[in-house]
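Input: a single structure, listed below in structure tokens.
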Amino acid sequence: MSLLEVGRTHTCGELRREHAGATVVLFGWVHRRRDLGARIFIQLRDRDGITQLDFAEELGAEAYALGESLRSEDCIAVRGKVADRGENANADMATGEIEIKVTEVEVFSKSQTPPFVVADDDRLDAGENLRLQYRYLDLRRPVMQHNFRVRSQIGYLTRKSLAEAGFYELETPYMVKYTPGGARNFLVPSRIHPGQFYALAESPQIYKQLFMVSGFDKYFQITRCFRDEDLRNDRQPEFTQIDVEMSFATPERIFAPMEALMRTLWKEILDVELEDTFLRMSWDEAMARFGSDKPDIRFGLELNDVTEHVRDSGFKVFDGAECVSGLCVPADKAGGLSRKVIDNLTEFVKQRENGGAKGLAWTRIGEDGTWSGAVGKNVRPEVQAALTEAMGAQPGCVLMFIADGWHTTHTVLCNLRLHLRDQLNLLEGNDNPWRFLWVTDFPMFEQNDAGQFVAAHHPFTSPRDEHVDMLVSDPAAVRAKAYDLVLNGNEIGGGSIRIHRSDVQAKVFTALGLSDEEAQFKFGFLLEAFKYGPPPHGGIALGLDRVAMLMTGAESLRDVIAFPKTQRGQDLMTGAPTIADDPQLAELYLTHRDLPASSTDE
RNA sequence: GGGGCGGUAGUUAAGUUGGUUAUAACGCCGGCCUGUCACGCCGGAGGUCGCGGGUUCGAGCCCCGUCCGCCCCGCCA
């Protein structure tokens with residue numbers, strides 16, 4: 001009987017000293033091979049671990065002969081007796097107490113020499129393009145196997161946690177009505193309706209709200225979303241959301257099951273106890289203290305808005321600036337801030353990608369309290385005293401200021417703060433490596449380049465009740481019942497309480513400059529549905545890929561997505577996207593136009 | 001749409017001011033080795049220097065174009 005029919009008795013990760021003496025059958029891949037002459041050690045790998053095999057003539061001549069021919073990534077079965085390695089045990093391996101004395105081998109299939117080393121352990125021996133081209137081999141690497149085990153657990157625990165909290169798992173279409181605005185959609189041509197298109201859903205937003213109108217009360221879905229926008233390290237054109245919606249919701253009623261979900265994930269997967277209740281912070285406070293709507297609160301170095309203190313300071317850089325704010329680098333961390341380092345920081349803040357400040361005003365506070373440099377020379381002593389007080393400065397501190405518009409000042413200081421976090425090792429000795437935070441009360445609107453108000457979240461986001469009257473009179477001041485879940489400076493989810501009253505919805509459309517006709521054209525079916533007793537409701541969507549990335553410590557979303565696209569949206573393994581030939585296009589009533597010469601494929 | 005970094009052996013990288021036969025490590029192949037565990041030792045094979053053009057007596061190196069990968073800005077509820 002072949003070993004395949006016999007079946008494996010154990011995985012490659014589970015044998016221990018107590019199994020010594022047992023005859024076992026293992027299946028797996030040749031991970032590494034150490035040929036000592038008349039004795040060959042082979043490490044056999046499957047998804048659960050690695051077990052050492054021992055081949056020697058006296059254990060089985062036929063098996064030994066086959067063992068000599070085995071090469072990396074061959075797929076094999078072995079039968080043999082578990083032996084205690086005694087003094088030769090390898091403490092670095094989970095199964096290092098034992099090895100298999102191989103008496104029988106079956107080669108399921110040989111492998112060509114792989115284009116890169118799968119058994120790379122911690123070091124990586126391949127560039128990203130090769131890894132993506134041979135993705136199935138890349139995924140064999142133990143690091144990747146671990147990432148996808150975690151990802152699988154996240155899915156399972158999410159379903160378990162939300163189902164137990166009373167949420168129904170319901171599905172929504174991927175092929176949906178095209179609605180302009182928001183993210184760019186991928187389009188799917190309709191064969192049956194010439195010239196017409198579906199869009200791939202950028203999120204299930206409208207459908208989940210309709211579920212609430214339907215009375216399903218609590219909904220969730222682990223679902224794919226599609227956005228045809230430019231890619232980043234943490235952005236893929238298709239990605240997975242844990243999508244949630246709830247009737248009769250308040251923000252707190254949504255936070256509770258989400259926090260419970262996070263606690264479950266961290267406890268079950270990482271064995272970490274998260275706090276009972278996550279910190280909440282308004283958007284205004286987050287911006288004021290950290291210059292960011294997704295602050296990393298694992299360390300201090302908060303912003304200090306000193307605009308009021310430096311009015312008439314005597315320093316030209318400060319006087320007349322719309323907003324002056326600064327960081328106080330504490331004395332015990334400021335040692336590394338040499339003149340040269342600070343000059344580099346000055347270049348850093350000037351770079352456009354970091355916000356583009358005009359410069360960095362800075363001063364070092366001496367042991368006697370005197371301020372160094374141009375800031376010390378120009379800022380009047382009483383203003384220095386006020387700033388020292390306001391920023392909690394001590395001798396030895398370095399103060400850094402940005403004086404610019406409100407937006408620039410906050411953007412630059414946010415980037416500078418994160419830069420200093422890494423440069424000065426400010427996370428060193430951090431006792432809580434997982435700092436969750438709800439950022440609440442986002443602005444209802446943002447202004448685009450033309451000065452028009454656009455929805456910061458989406459047009460169904462409810463304003464705070466007390467701000468409804470300001471929708472027309474002062475849109476910029478309106479705060480929404482919108483919130484993000486932030487982890488260590490990463491946005492991992494966001495949502496809002498939705499509008500369920502048509503009079504409020506009308507005011508929001510007006511503030512957005514959306515006519516009745518336009519609103520009807522874009523969202524008519526939703527507005528119609530809301531005429532039939534919609535419940536108050538709200539929800540949230542979590543980025544499952546980003547959660548997986550943070551939980552595994554992966555450096556890129558691509559390391560937690562099995563078959564990701566490159567930054568230019570290609571699948572290097574299959575070659576997608578490809579040119580469609582004329583018969584296919586004809587069936588869809590499509591024709592190419594103005595195709596750039598470079599895209600004729602190769 | 002824009003900015004930056006990179007592309008040299010199967011892989012990862014080095015390659016000086018433009019100058020003889022383009023290096024190293026790992027991998028691969030062959031030989032030796034009975035306790036290795038990133039095994040070791042000896043030997044060997046392996047190159048369209050991304051692609052196209054240009055400058056030059058001569059280009060991996062300089063110039064122009066182009067393709068690909070990565071990072072970032074714009075963009076992205």
task: Please identify each residue that fulfils ring pair (Phe, Tyr, Trp, His ring centres under 6.0 Å) with A:Phe460, with sequence neighbours left out.
output: A:His458, A:Phe523
statement: Hits for ring pair (Phe, Tyr, Trp, His ring centres under 6.0 Å) against A:His19, two or more places apart or cross-chain, chain-then-number order -> A:His10
statement: Residues at least two apart in sequence or cross-chain that pass side chain to side chain contact (heavy atoms under 4.5 Å, CB included) with A:Arg352, listed by chain then number, are none
field: Contacts of type ring pair (Phe, Tyr, Trp, His ring centres under 6.0 Å), residue A:His407, not counting sequence neighbours
entry: none
query: Checking all strands, does A:Thr113 fall into the base, sugar-phosphate, or nothing category for heavy-atom contacts under 4.0 angstrom?
result: sugar-phosphate
task: Could you tell me the separation between the CG atom of A:Asn185 and the C1' atom of B:C76, rounded to a whole number of Å?
output: 12 Å
Just the atom pairs and distances: protein N or O near nucleotides 42-44 of chain B's N or O, under 3.5 Å.
none

message: Could you work out, with side chain to side chain contact (heavy atoms under 4.5 Å, CB included) as the rule, every residue matching A:Glu518, not counting sequence neighbours?
response: A:Leu514, A:Ser515
task: Tell me, please, which residues at least two apart from A:Asp84 pass side chain to side chain contact (heavy atoms under 4.5 Å, CB included).
output: A:Arg17, A:Ala20
- prompt: Base, sugar-phosphate, or nothing for A:Ala482, non-hydrogen atoms under 4.0 angstrom?
  reply: nothing
Which atom pairs link the protein and nucleotides 69-72 of chain B when you take only N or O atoms and keep those under 3.5 Å?
from	atom 1	to	atom 2	distance (Å)
B:G69	OP1	A:Thr566	OG1	2.9
B:G69	OP1	A:Gln570	OE1	3.1
B:C70	OP1	A:Gln567	N	3.3
B:C70	OP2	A:Gln567	N	2.9
B:C70	O3'	A:Arg558	NH2	3.1
B:C71	OP1	A:Asn233	OD1	3.0
B:C71	OP1	A:Arg558	NH1	3.4
B:C71	OP1	A:Arg558	NH2	3.0
B:C71	OP2	A:Arg558	NH1	3.4
B:C72	OP2	A:Asn233	N	3.3

statement: What residues 53-68 of chain A contributes to the RNA chain B interface at heavy-atom separation below 4.0 Å is A:Asp54, A:Glu58
message: Among residues at least two apart in sequence or on other chains, which ones pass side chain to side chain contact (heavy atoms under 4.5 Å, CB included) with A:Glu259?
response: A:Phe255, A:Arg263, A:Thr277, A:Phe278, A:Arg280, A:Trp438
- prompt: Between A:Phe167 and A:Phe220, how do the two ring planes meet: parallel, tilted or perpendicular, split at 30° and 60°?
  reply: perpendicular
Please enumerate all protein N or O atoms sitting under 3.5 Å from an N or O of nucleotides 5-10 of chain B, with distances to 0.1 Å.
from	atom 1	to	atom 2	distance (Å)
B:G10	O2'	A:Pro115	O	3.2

- prompt: When rounded to the nearest Å, what value does the distance between P atoms of B:G69 and B:C64 take?
  reply: 23 Å
- line: Ordered by number, residues from residues 33-40 of chain A within less than 4.0 Å of RNA chain B (heavy atoms) are A:Arg34, A:Asp35, A:Leu36, A:Gly37, A:Ala38, A:Arg39
- prompt: Any donor-acceptor pair under 3.5 Å joining the side chain of A:Gln351 to the base of B:G3?
  reply: no
